[in-house]
Amino acid sequence: QVQVVESGGGLVQAGGSLRLSCAVSGRTFSIYYIGWFRQAPGKEREFVARINWNGSGTYYADSVKGRFTISRDNAKNTAYLQMNSLKPEDTAVYYCAADTSRDRSIGTYDYWGQGTQVTVSS
């Protein structure tokens, strides 16, 4: 099993920055991707960014490209989401998830954190 715990959310003014942390534990050797997702009130959950746990590949949603940066520190079993130039529309509950699927043709984020609230005021 893999445990995922997000932290670092809070209230920030528009234009400000925030860094979210995603601590993973358990069978971390089985992780292929760490992904960040978010869900705003009344909206469906959406993909934000992902990073290969044992590689350098990253991928971002167009809405955050150039403003958010995903990174990882495997020695600390932690992934990060650095969020700069925050906008009110970034307000959401942010979730971290781990993809441990060995079948890469059907990858699945099978372990999820509890979420951390990010609120951006105008």
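In this chain, residues are counted from 1 in sequence order. Heavy-atom basis, side chains included; hydrogens, waters and symmetry copies ignored.
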- So do F29 and T100 actually touch side chain to side chain, heavy atoms under 4.5 Å? no
- Message: Tell me every residue that passes ring-ring contact (aromatic ring centres under 6.0 Å, His included) with Y109, counting only those two or more places apart in sequence or in another chain.
- Response: F37
- Query: For T116, which residues count as a side chain to side chain donor-acceptor pair (under 3.5 Å) partner, sequence neighbours excluded?
  - Reply: none
- Query: Shared ILVMFWY cluster between Y33 and V64, side chains joined below 4.5 angstrom?
  - Reply: no
- Applying side chain to side chain donor-acceptor pair (under 3.5 Å) to T119 and not counting sequence neighbours gives Q117
- For L11, the hydrophobic cluster (side chain heavy atoms closer than 4.5 Å, chained through members) also holds none
- Task: Quick one: which residue pairs count as a salt bridge (Lys or Arg N to Asp or Glu O under 4.0 Å) with a foot in residues 29-40, not counting sequence neighbours?
- Result: R38-E46, R38-D90
- Task: Hey, could you give me the CD1/OG distance between I34 and S71, rounded to the nearest 0.5 Å?
- Result: 12.0 Å
- Sequence neighbours left out, what passes side chain to side chain contact (heavy atoms under 4.5 Å, CB included) with Q82? Give chain and number order. S17, R19, T69, N84
- Query: Which pairs with one or both residues in residues 80-122 pass disulfide (SG to SG under 2.5 Å), sequence neighbours excluded?
  - Reply: C22-C96
- Not counting sequence neighbours, list each pair that qualifies as a side chain to side chain donor-acceptor pair (under 3.5 Å) and has a residue in residues 22-31. Q3-S25
- For residues 51-60, the side chain to side chain donor-acceptor pair (under 3.5 Å) pairs (sequence neighbours left out) are none
- Task: Determine whether L20 and M83 make a side-chain contact, defined as any pair of heavy atoms from C-beta on separated by less than 4.5 Å.
- Result: yes
- List for me each residue that meets side chain to side chain donor-acceptor pair (under 3.5 Å) alongside D73, sequence neighbours excluded, and say none if there are none. none
- Query: Who are the side chain to side chain donor-acceptor pair (under 3.5 Å) partners of E44, not counting sequence neighbours?
  - Reply: none
- Item | With sequence neighbours excluded, residues passing side chain to side chain contact (heavy atoms under 4.5 Å, CB included) with D62 | K65
